[in-house]
Amino acid sequence: MDTVSSPTSAVSTTQGDTPLQQQQARLKKATQEFEALFLTTLLRPTLKEMVGGDSLSDNSYEMGYYQDMMEHRLAEVLAKNGGLGLAKTLYNELAPHLLGVSTNAERKK
């Protein structure tokens, strides 16, 4: 497997993948990352409330950094496993536009 660079991260593809398949893999990863970012924004206030506001143990920079990493990782896992369905919806809307393929609505015009 080689890695195809994407603006957000590396996406694993096989050597036999067509350019369309590579773009689809990058789009899937990007939509999952977008949903993870959205979920992080939604989860942050809830998780801070659950752990007692901003006072983890010593309210240090390191603990804040650890909490941010934890929030982001939780959001990534949720998004990868379906989450709110936002990534899937975005992918389904954007995928037909890869490599200039138009949607049914555009074909009817």
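Please read all numbers here as calculations on a predicted model, not as lab measurements.
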Query raised in the report: Taking Glu93 for the side chain and Leu90 for the main chain, is one N or O donor matched with an acceptor at less than 3.5 Å?
Result: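 No; zero donor-acceptor contacts below 3.5 Å.
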**Report entry** Donor-acceptor pair, side chain of Glu35 and main chain of Leu84, under 3.5 angstrom
**Finding:**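 Yes, Glu35 side chain to Leu84 backbone: donor-acceptor pair under 3.5 Å.
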Over all heavy atoms of both residues, which pair between [X] and [Y] is shortest? Give the atoms and the distance, please.
X: Ala36; Y: Ala79; result: N-CB, 3.7 Å
X: Gln22; Y: Asp17; result: NE2-O, 3.6 Å
X: Ala75; Y: Thr40; result: CB-OG1, 3.1 Å

Query - Stepwise side-chain contact (heavy atoms from CB on, under 4.5 Å) test for His72 and Glu76 - result: CA-CA 6 Å; His72 184 69; Glu76 282 180 333; 3.1 Å; yes
**Report entry** Within-4.5 Å side-chain heavy-atom neighbours: Lys28 and Gln24
**Finding:**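 Result no, sub-4.5 Å side-chain heavy-atom pair not found.
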Query raised in the report: Does the side chain of Lys88 come within less than 4.5 Å of Thr31's, by heavy atoms?
Result: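 With C-beta onward as the side chain, the pair stays apart.
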[atom1]/[X] to [atom2]/[Y] distance, rounded to the nearest 0.5 angstrom?
X: Lys29; Y: Lys80; atom1: NZ; atom2: NZ; value: 6.5 Å
X: Arg73; Y: Leu78; atom1: CZ; atom2: CG; value: 10.0 Å
X: Glu71; Y: Met69; atom1: CD; atom2: CE; value: 11.0 Å

Query raised in the report: Are Leu37 and Tyr91 grouped together when hydrophobic residues (ILVMFWY) are joined by side-chain heavy atoms under 4.5 angstrom apart?
Result: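 No, separate clusters.
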**Report entry** Hydrophobic cluster membership, Val77 vs Leu43, 4.5 Å side-chain cutoff
**Finding:**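 No, no single cluster joins them.
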